[in-house]
Amino acid sequence: MVMNPKQVFLSVLIFGVAGLLLFMYLQVWIEEQHTGRVEKKREQKATSVTREKIQEHITNQNSKFHITEGPKGKKENLLNSERPTRLLRKTSHPQGEDGALGKTTGPPTIKLSEKHEGSRTVFKKFNEMKWPLDIRPLNKSLVKDNKWKETDVAQETRRSFLQEFCKKYGGVSRPQSHLFHMVSRIYVEDKHKILYCEVPKAGCSNWKRILMVLSGLASSAYNISHDAVHYGKHLKKLDSFDLKGIYTRLNTYTKAVFVRDPMERLVSAFRDKFEHPNSYYHPVFGKAIIKKYRPNACEEALNNGSGVKFKEFVHYLLDSRRPVGMDIHWEKVSKLCYPCLINYDFVGKFETLEEDANYFLQLVGAPKELKFPNFKDRHSSDERTNAQVVRQYLKDLTRTERQLIYDFYYLDYLMFNYTTPFL
């Protein structure tokens, strides 16, 4: 069959367009790969510099830098054993870990995934947005009761401490995460204009119950099951909005984060996920942990992943080449909520959870009859994880292992003014 000139022309045109599209795609892919390598090198460099700065600051800082919260915020030392090998004064603060706090000049650039790209105007507005977000005074006009005076003092102390810590190191380095990843743990309640950053094992289940009641999805927090809270997808997350929606809410809503002593949170996560039957954590994490960290493991343990020991779990946590990735239940708060990029208006603590939560509900104008639930979400017959329970788990570790856990979480210890444990 002989093609006429018109057919030949069309064939050449089609192949030419296809080749051009392929070339453009490859060019974009090569640029992305190059950009990723450059950003990774920059982040590694910032990490090294920042760690040295924080180490130097802590070693030389005098005791007046330590801000005391009063009896409610005071934490008991986890261990009464020897002091750690590192030089740490009783009133000093632990060092920060990753390079999230290095110096920078100018506003950070935010990477956007293609599926979330908005209009050019909104993108420009977000690129010009000041990071970190400005901290605003809490609106206390809805609080009529004087009984919250002590809680308010503790709250202002925490906010000021976190703000000063973030200022101390000249702001933050350019975010290495996508914007939508940075806000992916933040839940939205539009009616009362609340943004709540979820920190697992710090009261998050009951907080999500409260958000469901506030948004009209339930009449009582006590009637909402665990599965409805975590798997029902009833609540909206901030990353589900477009750029304009995120920008508006970050600047106008009341932003809250609730944290917990890192050692307690770690032990609580281990007890919940590995000491009770679990159809996800045992086969996914348990099998991988036992296979890598238990010599001569029996066939049954390798097959079902049950019976992980705390020491094995710690080896997994501290391994730079983990056989399975990190999980939000033991991830650092600094990587879940980005508290030096997103200035939270309210910093609650698990150690004073009920007081802090009920005060926050007053601040946002919640119904007077709504109180934060105090029940244990799961395994209600188990003793709550506290300092005494933590000691029992840590005593099976070497001093070096305990120190390495502390090093892993030291940025959380420092940011939220938790007492340095005696290791």
- Item | Cationic tip of R265 above F350 ring, under 6.0 Å, 45° of axis |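 Ring-cation test returns no.
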
Among residues at least two apart in sequence or on other chains, which ones pass side-chain contact (heavy atoms from CB on, under 4.5 Å) with [X]?
X	result
E275	F270, R271, Y393
D152	K140, E156, Y359
D319	K292, Y293, R321, R322
D272	K201, R378, H379

Results of side chain to side chain donor-acceptor pair (under 3.5 Å) for [X] - residues two or more places apart only:
X	answer
Y316	W330
K191	none
N304	none
E189	H192

- Side-chain contact test, heavy atoms from C-beta onward, threshold under 4.5 Å: evaluate it for Q155 versus W148 and give yes or no.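 No. Closest side-chain heavy atoms not under 4.5 Å.
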
- Message: With heavy-atom distances below 4.5 Å as the criterion, would you say the side chains of D412 and K332 are in contact?
- Response: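 They are in side-chain contact.
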
- Query: What residue pairs, at least two apart or across chains, pass salt bridge (charged side-chain N to carboxylate O under 4.0 Å, His left out) with a residue in residues 208-220?
  - Reply: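 Listed by first then second residue: E198-K208, R209-D377.
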
- Query: Counting heavy atoms not belonging to K309, are there more than 12 under 6.0 Å from its NZ?
  - Reply: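 Count not over threshold, so no.
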
- Item | Atom NZ of K193 with >12 non-hydrogen neighbours under 6.0 angstrom |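 No, the 6.0 Å shell around NZ holds no more than 12 heavy atoms from other groups.
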
- Under 3.5 Å donor-acceptor, R294 side chain and E312 backbone: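 No.
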
- Message: If we check ring pair (Phe, Tyr, Trp, His ring centres under 6.0 Å) with W207, which of these qualifies: Y187, F372, F346?
- Response: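 Testing each of Y187, F372, F346 against W207, the sole residue satisfying ring pair (Phe, Tyr, Trp, His ring centres under 6.0 Å) is F372.
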
- Message: I'd like to know if D261 pairs up with K349 as an ion pair, taking the criterion as any Lys NZ or Arg NE/NH1/NH2 lying under 4.0 Å from an Asp or Glu carboxylate oxygen.
- Response: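 Between K349 and D261 there is no salt bridge, as every charged N stays at least 4.0 Å from the carboxylate O atoms.
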
- Task: Write out all pairs satisfying disulfide bond (SG atoms under 2.5 Å apart) with one or both partners inside residues 250-338, taking only residues at least two apart or from two chains.
- Result: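 Pairs touching residues 250-338 that pass the test: C197-C337.
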
- Message: So, using salt bridge (charged side-chain N to carboxylate O under 4.0 Å, His left out) as the criterion, who are the partners of K291 when residues are at least two apart?
- Response: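 By the salt bridge (charged side-chain N to carboxylate O under 4.0 Å, His left out) rule, K291 matches no residue at all.
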
- Query: For D356, what residues pass the salt bridge (charged side-chain N to carboxylate O under 4.0 Å, His left out) criterion, not counting sequence neighbours?
  - Reply: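 Listed in chain order: R158.
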
